Amino acid sequence: MRGEKINGWLEKWRDQIVGTLPVIVFFIALFWIVQLGFGDTYLLAVSPFTTLFETRLEKYNPPGQYARFFLVSALALVGARLAVTSVALCVVVNLAMPFALVFMRSSQLNPRRYFPYTMLFAFLQLRPGNLVESFATQAAVLAACCVTLSVGLLAAGALRRRKHEAHGRLHACVRRLANDLGRAAADGIDDDLRAELLSLRREFAALAYSAREDSTAPPRTTNLLDMLATLAQRTAYLTGNFDWSDRHRADHAALLAELSKLTRELDLVIDADADGSQRAALAARSQELLRELHVEEPRFRIFCRSYLNMLALIVRVADDPQQRAWHMSATDVARTALFRKRPSLDSFEMRFSVRCGVVLAVSCSANLLLPVDHLYWYVLHAYLLLQPFPDESSRRMRTRMTGTALGCVFVHAVALLNLGWAGIMVLGMVLVAPLYAATPGTVTSAFFATAYAVTMASVSIDDGYATMMRLGSLVLAVVTVALVNRLVLPTSDRRLLAADVRQLFAMVRSSWDLVRTTLYERVDTVVSSERLLHFQMVHTQANAVLDSISASGERTAEIAEVTRYRDAADRMLFCLWEISCELEQLELMVRMGAVLPEERATFEKIIDLAEAHCDPERFGTGVDRAEELVFGLSDEDLRYVLQQYIDRAGELRLAVDEARGALVKRPRYLDEVRR
């Protein structure tokens with residue numbers, strides 16, 4: 001039994017090392033390029049660029065990505081140079097740079113996107129002399145690192161063909177969607193199928209969001225993923241209400257079967273090299289079905305129309321290599337950016353940017369002020385211990401303390417061997433493999449990081465001093481990060497839930513503004529698709545945070561309060577999701593001309609009433625006054641969607657009231673500090 005465990009452990013480590021072999025080779029290659037070309041004082045740039053290589057290795061890298069390596073590296077270099085000019089500038093720049101590198105790049109849905117470039121900015125400050133006395137040489141080091149990074153990624157991309165992987169996942173999701181529609185046609189939508197449709201919606205949204213945020217797919221694939229995520233969302237919209245499934249069962253089944261068939265055919269024609277005649281035939285059949293569509297039940301009719309319209313758009317975009325039909329103007333890009341990023345202290349990005357800035361300002365100022373050899377390990381530890389979520393920081397404090405202590409014992413034992421320079425270099429290169437194969441944030445990772453760092457430092461300083469500095473700087477970093485996490489804009493699960501929910505309400509208000517804009521000017525489908533995608537990701541995050549709070553072993557008063565109102569919270573999040581569906585459908589109807597010119601004044605009054613009551617403390621109050629205005633509109637489907645919105649707004653108001661505001665109330669600062 002023990003032999004089997006050892007063999008299993010060895011096999012696991014072998015697989016991890018083989019899996020990270022490209023990263024290991026890149027690190028070693030870049031290490032020696034910098035060592036031989038510029039000297040060991042510039043080796044601190046190797047780790048950030050290896051992290052960049054590791055994060056981009058599994059992704060598609062468009063041409064613009066390689067230019068970004070040089071431009072953002074230059075920004076980090078200039079920022080670091082300003083920061084080491086004086087203590088005052090060090091504080092100001094380190095407080096400001098996270099807003100460019102953290103706030104603009106990271107989000108609550110993709111929290112670690114900031115890491116590589118901010119790491120580069122911090123690590124460049126570790127040796128101020130390189131920036132003050134040898135700025136040109138440091139710039140040349142970064143240029144060499146960027147060139148090596150680009151060559152490495154181009155070679156890996158040619159071998160791995162990453163750009164095709166997202167396309168493969170796209171096809172798999174399309175086939176799942178076709179199968180689900182077929183199941184709905186054959187057996188109706190039961191609980192299992194409902195769960196599958198909601199799961200597929202989340203997977204499509206995550207895939208599309210990742211492709212657009214991190215360039216994990218070529219633009220053509222990203223556009224298709226966006227549209228298909230909307231298609232999956234519109235299918236999941238059926239699960240919010242089952243009235244349509246009770247009557248006209250045979251008619252609905254026939255239409256679902258036809259949509260399933262069309263979706264299977266779509267899977268065959270979305271590739272760039274697909275037969276154009278097949279695309280044309282699919283587009284013609286979709287348009288014909290749309291023209292001949294006769295469905296009595298409003299919800300199912302709206303679903304069929306929106307599904308077929310999006311299907312036709314997907315076919316048209318798939319047939320257009322220039323992607324003109326799915327291109328955002330500068331105005332639309334600005335609208336979408338404002339929809340996603342909120343310069344508010346409630347937002348996750350802002351709170352983490354401030355904490356990151358404070359930690360860097362304190363640690364880098366200490367490194368600049370105090371002439372202590374290898375004090376830069378304080379900055380290094382502090383940066384690595386600071387994590388987007390404080391609970392993760394606390395966990396890393398424990399694992400890093402243990403791993404660092406064990407690593408120092410290992411280095412002390414190695415010192416007894418009296419290895420020369422060559423022996424230390426060989427040992428250092430050997431330690432790189434398990435370092436990058438280990439899971440970040442674990443004891444194993446901290447052990448090999450310490451073993452590597454202190455071993456390499458022993459070339460220039462006594463290993464006893466190196467051990468003392470490694471441990472001392474870690475203790476200092478733990479105290480700094482713990483105090484910042486506790487005192488500077490603390491972020492608990494309770495606050496994350498409140499921030500998510502308030503952001504969802506704000507997105508509803510912003511969606512009404514988009515409906516108003518669509519009433520008078522052309523808005524590309526991509527804009528509403530992007531907003532819907534972001535809404536779904538925040539909604540998923542809110543559900544995950546709510547689950548985390550409910551499962552928490554802590555029984556603080558605020559967590560107990562949220563848990564007590566769990567049913568109301570579930571209803572609230574469900575109503576918000578339904579409302580986002582209604583608004584997406586409404587925006588499509590307005591774009592398709594459902595509001596007649598003579599009805600625009602009435603429709604704007606409805607928008608005014610809805611916008612005025614989108615605040616979470618009073619959402620839905622007074623919205624029922626819009627009902628009499630709704631009956632004055634001529635389009636039946638438009639009336640249905642607006643009535644659904646009004647009904648859901650009332651349910652949402654009841655859920656929030658039932659929870660007595662606990663779900664949207666911000667925790668008090670003192671409560672979070674004492675938690």
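Being a predicted model, the structure only gives us computed values, none of them experimental.
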Quiz item: Distance-only, no hydrogens or angles: does the N61 side chain make a donor-acceptor pair with backbone N or O of K59 under 3.5 Å?
Solution: yes
Quiz prompt | Salt-bridge criterion met for D192 and R183 (N-O under 4.0 Å) | solution = no
Quiz prompt | Interatomic distance, L266 atom CG to L282 atom CG [nearest 0.5 angstrom] | solution = 6.0 Å
Quiz item: Do H613 and F619 come within less than 4.5 Å of each other through their side chains, counting heavy atoms only?
Solution: no
Self-check item: Between CD1 on residue I607 and CG on residue L629, distance to nearest 0.5 Å
Solution: 11.5 Å
Quiz item: Would you say the side-chain atoms of S106 pair up with the backbone N or O of F103, donor to acceptor, closer than 3.5 Å?
Solution: no
Exercise. State, with a plain yes or no, whether a side-chain heavy atom of E265 is found less than 4.5 Å away from one of R285.
Key: yes
Quiz item: Does any N or O in the side chain of H252 come within less than 3.5 Å of the main-chain N or O of F300, such that one atom is a donor and the other an acceptor?
Solution: no
Quiz item: Would you say the side-chain atoms of E599 pair up with the backbone N or O of L596, donor to acceptor, closer than 3.5 Å?
Solution: yes
Exercise. Would you please test R566 and D547 for side-chain contact (heavy atoms from CB on, under 4.5 Å) and show each step?
Key: CA-CA 9 Å; R566 177 61 195 259; D547 289 340; 2.6 Å; yes
Practice problem: Taking the side chain as every heavy atom from C-beta outward, state whether R531 and L583 have any pair of such atoms under 4.5 Å apart. | Solution: no
Quiz item: Side-chain contact, heavy-atom cut-off 4.5 Å: Y307 with T263?
Solution: yes
Quiz prompt | Verdict with reasoning, R176 to E203, per salt bridge (charged side-chain N to carboxylate O under 4.0 Å, His left out) | solution = CA-CA 11 Å; R176 273 180 65 188; E203 289 180 37; 2.6 Å; yes
Quiz item: Which heavy atom in F352 sits nearest to a heavy atom in V102, and how many Å separate them?
Solution: CD2-CG1, 3.4 Å
Quiz item: Nearest heavy-atom pair of L293 and V295: which atoms, and what distance?
Solution: CD1-CG2, 3.7 Å
Self-check item: Derivation and outcome, side-chain contact (heavy atoms from CB on, under 4.5 Å), residues S580 and L532
Solution: CA-CA 7 Å; S580 76; L532 180 64; 4.2 Å; yes
Quiz item: T518 side chain to L514 main-chain N or O, any donor-acceptor pair under 3.5 Å?
Solution: yes
Practice problem: Side-chain contact test, heavy atoms from C-beta onward, threshold under 4.5 Å: evaluate it for Y645 versus I606 and give yes or no. | Solution: no
Self-check item: Which atom of L638 lies closest to which atom of A594, heavy atoms considered
Solution: CD2-O, 4.0 Å
Quiz item: Of all heavy-atom pairs between I189 and A184, which one has the smallest distance, and what is that distance?
Solution: CG1-CB, 4.0 Å
Quiz item: How about Q644 and E578: does a side-chain donor come under 3.5 Å of a side-chain acceptor?
Solution: no
Self-check item: Pairs meeting criterion salt bridge (Lys or Arg N to Asp or Glu O under 4.0 Å) with involvement of residues 631-645, two or more places apart
Solution: R301-E636, R301-D637, R305-D637
Quiz item: Taking atom CG of L181 and atom CD of E258, what is their separation to the nearest 0.5 Å?
Solution: 11.5 Å
Quiz item: Side chain of S353, backbone of E349: donor and acceptor closer than 3.5 Å?
Solution: yes
Practice problem: Give the C-alpha distance, both sets of side-chain angles, the deciding distance and a yes or no for side-chain contact (heavy atoms from CB on, under 4.5 Å) between F535 and L504. | Solution: CA-CA 7 Å; F535 187 99; L504 291 172; 3.7 Å; yes
Exercise. Answer whether the closest heavy-atom distance between the side chains of L654 and R571 falls below 4.5 Å.
Key: no
Quiz item: Are any side-chain N or O atoms of H539 and backbone N or O atoms of L573, one a donor and one an acceptor, separated by less than 3.5 Å?
Solution: yes
Quiz item: Does L256 offer a backbone N or O that forms a donor-acceptor pair with the side chain of S260 under 3.5 Å?
Solution: no
Practice problem: Decide salt bridge (charged side-chain N to carboxylate O under 4.0 Å, His left out) for E651 and R648; before the verdict, give the C-alpha distance in whole Å, the side-chain angles of both, and the deciding distance to 0.1 Å. | Solution: CA-CA 5 Å; E651 290 180 46; R648 292 298 184 194; 3.3 Å; yes
Self-check item: N/O donor-acceptor pair under 3.5 Å between R105 side chain and Y114 backbone
Solution: no
Self-check item: Side chains of R201 and Y237 in contact at under 4.5 Å (non-hydrogen atoms)
Solution: no
Quiz item: Taking all non-hydrogen atoms of both residues, which atom of V174 and which atom of F204 are closest, and how far apart?
Solution: N-CZ, 3.9 Å
Self-check item: Value rounded to 0.5 Å, distance of CG in L519 from CZ in R591
Solution: 13.0 Å
Quiz item: Taking atom SG of C581 and atom CZ of R299, what is their separation to the nearest 0.5 Å?
Solution: 7.5 Å
Exercise. Look only at the side chain of R234 and the backbone of L238, and say whether a donor-acceptor pair between them is shorter than 3.5 Å.
Key: no
Quiz item: So D180 and T235, side-chain contact (heavy atoms from CB on, under 4.5 Å) or not? Walk me through it.
Solution: CA-CA 9 Å; D180 290 345; T235 306; over 6 Å; no
Quiz item: At their closest point, which heavy atom of L101 faces which heavy atom of Y117, and how far apart are they?
Solution: CD1-O, 4.0 Å
Quiz item: Hey, are Y640 and E582 close enough side-chain-wise for a donor-acceptor pair under 3.5 Å?
Solution: no
Self-check item: Rounded distance (nearest 0.5 Å) linking atom CG of L231 with atom CG of L225
Solution: 12.0 Å
Self-check item: Any side-chain donor near an acceptor of the partner, Q643 and E627, under 3.5 Å
Solution: yes
Exercise. May I ask you to test the M537-R202 pair for a side-chain heavy-atom distance under 4.5 Å?
Key: no
Self-check item: Residues E521 and T517: side-chain donor-acceptor under 3.5 angstrom
Solution: no
